Amino acid sequence: MKLYNTLTRKVDEIKPQHPPEVTIYTCGPTVYDYAHIGHWFTYVRMDILVRTLKAGGFKPKWVMNITDVGHLVSDADEGEDKLQQKARREGKTAQEIAEFYTKDFLDGMASLNMLKPGRIVKATEHIKDQIALIRKLEKKGYTYVIDDGVYYDTGKFRRYPEFARLDLDEQQAGARVNHNPQKRNPSDFALWKFSPEDVKRDMEWDSPWGKGFPGWHIECSAMSMKYLGDTLDIHTGGIDHVPVHHTNEIAQSEAATGKRFANYWMHSNHVTVDGEKISKSLGNSITLRDIEKKGISPQAVRLHILESNYRSQSKFNWDSLVAAENRLRDLRAMAVLRWQAPETTHDTGTFALLDVPLQLFNRLADDLDTPQALAYLSEVSTQLQVVFIEQDMVDHFEAMLQGIDDLLGLDLMSEGDITDEQKRMIAERSKARDAQDWARADKMRDLLLEQGIAVRDTVHGAIWSRS
RNA sequence: GGCGCCUUGGCGGAGUAGUUACGCAGCGGUCUGCAAAACCGUUUACACGGGUGCAAUUCCCGUAGGUGCCUCCA
C-alpha cells in the first residue's frame, strides 16, 4: 500500500507502527452549513483510503472530528465564531446550528455509502482535553497571553515552516492581513480565546485563563492524541489545511510530546465547479440535496469522484455527473447478471472472477489510483456482458461483486431481482419472438421499458437490466 | 504584491521520451425481425514559441490563458 505523503513529498509505502492496526485521523467539517460537493470529494476519498487499507489486511482505527466550536470567521483568529455567527443570523443557538448540520453531514455520509469511522468526535465534548493540552504547552513555555486569548508562540517551534514549506518572510511581504499587534509572530495562533465582554456566546467554558472557548486547531491535536496516541499513522484532510491548520497541529502536538505527530499525511485536492473554486459568494456550493433533486443518485456522485485522482484538482460539472450516472447504469447491468444465470453450460471460456477484486486493489494500493481502477472495472464489465454468468459461476460472481463493493462502495450487490410478473413478461416476449409475432414481442418490450426494465437479446437468450 | 500549480480529442479523465488508458456523447458499419448489447471504424488530442535528444504530448526555457494559497473554505 503506497500513498503520497505530504510530509516527505514522496509516494511512501505505508508502514503502521503496530500492524495490522493502522491509526487514521481525519479532519472533519465545521458544521455551520450544508456540506457541499467539495466536502464529499474529500471524504469519499478518505473512505476509499480506509477501504483499501482494509482490503490490504490492515485493521484501520479511524477517528473523524466534527468542529462544532471555535472555528472563527477568519483564521487570523479574529472575527466571530462561524457557528455563533450563523446562530445569530438564524435566530438559533450555536448548539442548534451544530446539531442540525452535523446531522446533515452524517446523513450525507450514509447516502454516499461511506464507511463509518470508528469514532466521530466533537470539539465541544473534549474541552477538558484541550485545556489539558494547552496547560502542557504552557508549562513548556510555548504560550503567552494577550488581551483576547492564549496564543501559541510559533517562534519557539523552529520547525514550524517545514511541513508546508512556508517562507514566512516572503509571505508576509505581500499579504494583506491585519494581524493583532499584540501577537509576537504573525503566524502565532490562538489556543484559547476569551469570551468578548460585549457579545453573548452560547458556547463558553471556564478555564485557568478565563472564560472562553478553544481555538480551532487545538481540538484536532487533543482528540487525535487522546484516541490514537501521541503519534498516529495517517492524518488526512483537505489540501487547504496544509499551510495553517495542519501546520499548527504539528506545532502544538510535537511541542507538547516531543514526538512526531503523524507519519503520513494525506491531502485531498480541491474541486472546482465550472472552473471556479467553491465559495459562498459564487453561489456554487452544490449539495447532495441539489444533486438528488435532479434525479442523480448519490452513487453516481461517488463514481464521479472516483473518476479523478485525489491529488489533482478535479472539475465538477453537471454533464460529467450525468456521464457518471450512465456509467453506473452499465455497472449495474453487469451486477444484475447474477439474477439471470442459466443452468445450461456454454462454451464461453473461463473468466477469473475472483481475480477482479485483487486487480482493483492493486490499482488502489498504488496511491489510490481510482481512475485506473475504474478503467479496469469498465473492461471487466464489458467482457462480462458478453461472457454471461452461468449457474455454477454465480457464487464466484457474487463474491466478485462483493469485493468490488468492499473496495469502491458502489453498492452493486444491492441491485435486486425483478418481479415474477416482469419475468413472465420477458418469457412471453421470448415465446412471441419464437413464433415470429413481432408486434406482441415489441409490446412486451415496451411495457417492460415503461417499468424501467430494458431487455436485450444475446446468443444466450434475453437479458434484462435497469434502464 | 509574494509563492505555487495547471493547460490532453465534443465533455470528463489517465498516461508515457518512440507502441496513443478508461468513461460519457456523436457519426458510419457489422450483427439483429426491429432494437439493445457487443464488435469494427471514425471526428488525424496532447495551449503557443523556442531548446536539448535519433526521437517530445512526456525533459528545459519563455509566452499566453486558467487557477490555487498567502483572507474564509474539504
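So you know, we letter chains A, B, ... as the sequences are listed, proteins then strands, and number each from 1. Remember, predicted model here, so these are calculated numbers, not experimental data.
Using a 30° and 60° split on the angle between ring planes, Y101(A) and Y34(A) fall in the perpendicular class, above 60°. Using cut-offs of 30° and 60° for the angle between ring planes, the F316(A) and W318(A) rings count as perpendicular. Between H217(A) and H245(A), the two ring planes are tilted [angle within 30° to 60°].
In this structure, rC69(B) and rG2(B) make a Watson-Crick or G-U wobble pair, each of the two defining distances being under 3.5 angstrom. Pairing for rC24(B) is with rG10(B), a Watson-Crick or G-U wobble pair whose two hydrogen-bonding atom distances lie under 3.5 Å. rC39(B) is paired with rG29(B) under the criterion used here, namely a Watson-Crick or G-U wobble arrangement in which both key atom distances are under 3.5 Å. Base pairing of rG62(B): its partner is rC48(B), meeting the Watson-Crick or G-U wobble criterion (both donor-acceptor distances under 3.5 Å).
Contact check, K315(A) against rC11(B): no side-chain N or O comes under 4.0 Å of OP1 or OP2.
Between the P atom of rC11(B) and the CZ atom of R327(A) lies a distance of 18 Å, rounded to the nearest Å.
Ion pairing between K122(A) and E219(A) fails under the 4.0 Å rule for side-chain N and carboxylate O. With respect to the salt-bridge test (charged N to carboxylate O, under 4.0 angstrom), the residues K431(A) and E428(A) do not qualify.
In the set rG15(B), rG13(B), rA74(B), rG13(B) carries the atom at the smallest distance from any side-chain atom of S314(A).
The nearest pair of heavy atoms linking G409(A) to N113(A) is O-ND2, 3.0 Å.
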Q. What string of B, S and - do you get for nucleotides 25-38 of chain B, 5' to 3', if B is base contact, S is sugar-phosphate-only contact and - is no contact with any protein heavy atom under 4.0 Å?
A. S-------BBBBSS

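Comparing the C1' positions of rC61(B) and rG53(B) gives a spacing of 16 Å, expressed to the nearest Å.
For the pair H241(A) and rA74(B), the ring geometry does not qualify as stacking, because the centroid separation below 5.5 Å and plane angle under 30° are not jointly satisfied.
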